[in-house]
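These notes are about the structure you will find just below.
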Amino acid sequence: MTETGQLLDQLRAVVGPPNVIVDADERASYEVDWTRRFRGEALAVVRPASTAETVAVVRACHEHGARMVPQGGNTGLVGGSVPRGGEVVVSTRRMDEIGPLDDDAGEIVVGSGAVLEAVQAAVRPAGWDVGVDLGARGSCTIGGMVATNAGGEHVVRDGPMAEQVLGLEGVLAGGAVVGRVPALRKDNTGYRWHRILTGSEGTLAVITRVHLRLVRRPKAQVTALVGLASFPDALALAGAFHRDIEGLDALEAFFADGLDFVQQHIDLADPFPQPAAAYLLAEAGAAETDEAVREMGATVEAARGVVGAAVATDAAGRARLWRYREAHPEVANSSGIPHKLDVTLPFDALPRFPDEVRRRIAAVAPDARVLLFGHVGDGNLHVNVLGPAPEDYAVDDAVLGLVVELGGSISAEHGVGIAKRDWLARYRTADDLEAMRAVKRALDPQGLLNPGVIFTP
Ligand SMILES: Cc1cc2nc3c(=O)[nH]c(=O)nc-3n(C[C@H](O)[C@H](O)[C@H](O)COP(=O)(O)OP(=O)(O)OC[C@H]3O[C@@H](n4cnc5c(N)ncnc54)[C@H](O)[C@@H]3O)c2cc1C
């Protein structure tokens, strides 16, 4: 029997034959990412159901020198969740157990394959919530969110995924289990695996279970959509929201041309009778609805350049306002294969960034369509570019070059993956990178876990 045949037999013995997928049609959805920009053939897809099964799967791969790609919901946007060619995809989706909820502490232990929306549904009736929320909530998994240190829509209030994780359990490339679940709130006993593995993008371990700290959402929530005459006006209002609204928990932006493009593809009414140049979506919580509306209203009234404003306090109305913002990535994706550049700018560089980035893109791809939107409260904008071929990196270079010049980050929240690895040397110092490689070598000397992700091979 060939070595591959032996490995597949060993994997079947661990997870059962239906959970080792080798058929090309059945593998297909695991082999291409959400944007369709990144794809590759897998040797097989393996679906362990527990930490013990994951250990046995990883050990078998290690024994045969087989490279592995951990995969959760496959909504990652930088190519890290799909094979490059010949790897075993370790899908965590069967590890989807949730709870029980610790209602007194506001904590829950979940399997890494639990989908965010399912965890939200389990904890919200008791008044708790997961601190991170994002548009991919129906598919992304908690393990994937930890592995990418996902940010999303409430970072202004609750921070990214790193701040939600109390502890985790992960399987290293040789099969050792690290971390502790359930974890303790206070535990200063040396290196903390949840800190090391958060944001490691599947290159150091397969995360199997996560202990989450939950957040309390205020009883009343109000969402406001404000149209403004210019992006600097939108930024000035964003600053005022930051200063004035204690319960601020989201601050998002998009632009007139993006809204126009979204409206060409989906049925969305104009938000205001007058068109605006830039739009700011803000959400805040308070003990009383009236109080939240009053506070937000006063801040908007005092702002300059307001073209129109809408406020919603009920779930349906708030979802309607969010739709204007959340439809952007959806429409970008359904209209082609977007180059997705997710960047953070220092706040003082933000006002000039939109015009300058459009100029730089036009210089290398005059016919490209640019969609700008994002979590402006964190200085984070998503630059989506439609038109250039997936393998053409001229636009990526133009955008990321500008970001580095302005002192920003080349990846705000999506990670490095394979999309941005060649850029890392221009962003992190040589010492930084060597220390990162040393960590990788120490934990995965054969380079079996997600090779080619973060580090250029
Ligand atoms: C419509 C849309 C909106 C989005 N909005 C946001 C946003 O606002 N903020 C944001 O941060 N991201 C956003 N994303 C990106 C994406 O949803 C996040 O990166 C998410 O955290 C990925 O989770 P996943 O389970 O899909 O991971 P996958 O895509 O499966 O994997 C992502 C990376 O994590 C690794 N990985 C996955 N699971 C594990 C595990 N258990 N152990 C070890 N490594 C693992 C993979 O190898 C890969 O490198 C969005 C994506 C879409 C499609």
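Residues Arg217 and Asp249 have side chains in contact (heavy-atom distance under 4.5 Å, counting atoms from C-beta outward). Here the side chains of Gln120 and Glu117 are in contact, with some heavy-atom distance below 4.5 Å. Two residues are said to be in side-chain contact when any heavy atoms from C-beta on lie closer than 4.5 Å; His328 and Asn384 fail this criterion. With a 4.5 Å cut-off on side-chain heavy atoms, Val171 and Thr208 count as touching. Within the 4.5 Å cutoff, the side chain of His339 has heavy atoms near those of the Arg37 side chain. Taking the side chain as every heavy atom from C-beta outward, His64 and Thr4 never approach each other to under 4.5 Å. Side-chain contact between Met1 and Asp9 is present, with at least one heavy-atom pair separated by less than 4.5 Å. Between Leu235 and Phe347 the shortest side-chain heavy-atom distance does not fall below 4.5 Å.
Under 4.0 Å is where a charged nitrogen must lie from a carboxylate oxygen, and between Glu356 and Arg360 at least one such pair does. A salt bridge links Arg358 with Asp257: at least one charged nitrogen is closer than 4.0 Å to a carboxylate oxygen. Ion pairing between a basic and an acidic side chain is recognised when a charged N comes within 4.0 Å of a carboxylate O; Arg157 and Asp129 show no such pairing. Ion pair Arg441/Glu434 flagged as a salt bridge, since at least one NZ, NE, NH1 or NH2 atom sits closer than 4.0 Å to an Asp/Glu carboxylate oxygen.
Aromatic ring orientation, His414 versus His382: parallel (interplanar angle below 30°, classes split at 30° and 60°).
For the pair Arg325 and Trp322, the cation does not sit on the ring face, since its NZ or CZ is not both under 6.0 Å from the ring centre and inside 45° of the axis. Cation-pi contact between Arg216 and Trp128: present, with separation from the ring centre below 6.0 Å and deviation from the ring axis of at most 45°.
When the options Thr148, Thr75, Asn74 are evaluated for a side chain to side chain donor-acceptor pair (under 3.5 Å) with Ser81, the one that passes is Asn74. Screening Lys440, Arg67, His62, Glu201 for a side chain to side chain contact (heavy atoms under 4.5 Å, CB included) with Leu449, the sole residue that qualifies is Lys440.
Contact between Phe261 and Ser335 at its shortest, heavy atoms only, is CZ-OG, 3.6 Å. Closest heavy-atom contact between Cys61 and Leu11: SG-CD2, 4.5 Å. The nearest pair of heavy atoms linking Pro445 to Leu443 is CD-C, 3.6 Å. Residues Val156 and Leu251 share a closest heavy-atom pair of CG2-N, 4.4 Å. Smallest separation of non-hydrogen atoms from Val110 and Gly99: CG1-N, 4.3 Å. Between Gly317 and Ala312, the shortest heavy-atom distance links the atoms C-CB, 3.3 Å.
For Arg93 and Tyr30, the side-chain atoms include no donor-acceptor pair closer than 3.5 Å. For the residue pair Ser91/Gln71, the side-chain donor-acceptor check at 3.5 Å is not satisfied. If you check the side chains of Glu53 and Asn19, you find no donor sitting under 3.5 Å from an acceptor. In this structure, a donor-acceptor pair under 3.5 Å is absent between the side chains of Asp431 and Thr429.
Rounded to the nearest 0.5 Å, atoms CG (Leu400) and NZ (Lys420) are 6.0 Å apart. Atom CD in Glu283 sits 12.0 Å away from atom CG in Leu225 (nearest 0.5 Å). With rounding to the nearest 0.5 Å, the separation of OG in Ser411 from CG in Asp342 is 5.0 Å. With rounding to the nearest 0.5 Å, the separation of CD in Glu169 from OG1 in Thr54 is 9.0 Å. Rounded to the nearest 0.5 angstrom, Arg180 CZ and Arg192 CZ are separated by 13.0 Å. A distance of 5.5 Å separates CZ in Phe353 from CG in Leu402, rounded to the nearest 0.5 Å.
Aromatic pair His194/His211: ring centres not closer than 6.0 Å.
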Practice item. Kindly determine whether Asp422 and Thr456 satisfy side-chain hydrogen bond (donor to acceptor under 3.5 Å, both in side chains), including the steps that lead there. Key: CA-CA 6 Å; Asp422 292 343; Thr456 305; 2.8 Å; yes
Point to revise | Derivation and outcome, salt bridge (Lys or Arg N to Asp or Glu O under 4.0 Å), residues Glu107 and Arg185 | key: CA-CA 10 Å; Glu107 296 175 8; Arg185 284 256 170 175; 2.7 Å; yes
Exercise for review: Could you walk me through whether Ser409 and Thr344 pass side-chain hydrogen bond (donor to acceptor under 3.5 Å, both in side chains), step by step?
Suggested key: CA-CA 5 Å; Ser409 167; Thr344 318; 4.6 Å; no
Exercise for review: Test Leu448 against Met68 for side-chain contact (heavy atoms from CB on, under 4.5 Å), laying out the working first.
Suggested key: CA-CA 6 Å; Leu448 296 180; Met68 294 163 264; 4.0 Å; yes
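Shown here is Glu246, whose CD atom has no more than 12 heavy atoms of other residues, nucleotides or ligands within 6.0 Å.
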